[in-house]
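Along the sequence shown, the residues carry numbers beginning at 1.
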Amino acid sequence: QVQVAESGGGLVQAGGSLRLSCAASGRAFSSYAMTWFRQAPGKEREFVALISKTGGSTAYSDSVKGRFIISRDNAKYRGYLQMNSLEPEDTAVYYCATGPSYSSKAMSYDYWGQGTQVTVSS
C-alpha cells in the first residue's frame, strides 16, 4: 500500500508564496514518479507539475512554468511544490499523486492524497 498526504495550503495574497508538501509512505516511493494536479471550482482537474523517480526530470504546465518548482527528497519520502508569484488564478485544491509512470495524465496515477486548499486573494 502507498499512502499520500498533502499539506501546506492556505490563504495568501497575490504575489506571495506557498510551499506544499507531499508525504508518502511505502518503499516504492523512490521508484515512482510524483506529480501535482489542481482543481478549481467548476473546472476539470489539471496538471501542474511532474518529477521523475530520481528527480532528474521535471515538467510543468504552461500556466505555472517559471513560477512553481517541484522537488523531492526520497530519503524523507517527501515531495514539494514551491509556488511563487501566486495569482488568483492559482486558487484550487492541490493534489499530490504518485505512480510508476512518468506522465502528466491523471489517469496514469494510482495513489492520490486528499488535497490541500490554496486560495490566492487579490
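Using a 4.5 Å heavy-atom threshold, the side chains of V64 and R38 count as touching. For the pair Y32 and Y109, the minimum side-chain heavy-atom distance is 4.5 Å or more. Looking at heavy atoms from C-beta onward, R45 lies in side-chain contact with F37 at the 4.5 angstrom threshold. Two residues are said to be in side-chain contact when any heavy atoms from C-beta on lie closer than 4.5 Å; Y80 and L20 fail this criterion.
Hydrophobic clustering keeps V2 apart from Y102 (ILVMFWY residues linked when any side-chain heavy atoms are closer than 4.5 Å, directly or through intermediates). Residues L81 and L50 are members of separate hydrophobic clusters, defined by side-chain heavy-atom contacts under 4.5 angstrom among Ile, Leu, Val, Met, Phe, Trp and Tyr. Residues W36 and V118 share a single hydrophobic cluster, defined by chaining ILVMFWY side chains whose heavy atoms lie under 4.5 Å apart. Grouping the Ile, Leu, Val, Met, Phe, Trp and Tyr side chains by contacts below 4.5 angstrom, directly or via other members, places V12 apart from V93. There is a path of hydrophobic side-chain contacts, each under 4.5 Å, that joins F68 to V120.
T119 contributes no side-chain N or O that, together with a main-chain N or O of T91, makes up a donor-acceptor pair within less than 3.5 Å. The backbone N or O of I70 sits less than 3.5 Å from a side-chain atom of Y60, completing a donor-acceptor pair. For the pair S85 (side chain) and R67 (backbone), a donor-acceptor distance under 3.5 Å is absent. Although no hydrogens or angles enter the test, the distance criterion places no donor-acceptor pair under 3.5 Å between the side chain of Q82 and the main chain of R19. Judged purely by atom type and a 3.5 angstrom limit, E44 has no side-chain atom pairing as donor or acceptor with the backbone of Q39. For S30 (side chain) and N74 (main-chain N/O), no donor-acceptor pair under 3.5 Å exists by modelled atom type. E87 places no side-chain N or O within donor-acceptor distance of the main-chain N or O of A14, the cut-off being under 3.5 Å. Panel note: side chain N84, backbone I69; no donor-acceptor pair is recorded below 3.5 Å.
In this pair, Y95 and W112 present their aromatic rings perpendicular. The plane angle is above 60°, beyond the 30 to 60° band.
For the residue pair S103 and S101, no side-chain donor N or O sits within less than 3.5 Å of a side-chain acceptor on the partner.
Across every non-hydrogen atom of A33 and T98, the tightest pair is O-OG1, 2.7 Å.
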Checklist entry - Checking side-chain contact (heavy atoms from CB on, under 4.5 Å) for the pair R78/S21: CA distance, chi angles, key distance, verdict? => result CA-CA 7 Å; R78 298 188 75 90; S21 295; 3.2 Å; yes
Item to check | Chi angles and distances behind the side-chain contact (heavy atoms from CB on, under 4.5 Å) call for C22, V4 | outcome: CA-CA 7 Å; C22 177; V4 182; 3.4 Å; yes
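From S57, atom OG reaches atom CD1 of I51 across 9.0 Å, with rounding to the nearest 0.5 Å. The distance from atom SG of C96 to atom CE of M34, rounded to the nearest 0.5 Å, is 5.0 Å.
A cation-pi arrangement is present between R72 and F29 under the rule of less than 6.0 angstrom and at most 45 degrees off the ring axis.
Within 6.0 Å of atom CD in Q117, more than 12 heavy atoms from other residues, nucleotides or ligands are found, so the atom counts as buried in its surroundings.
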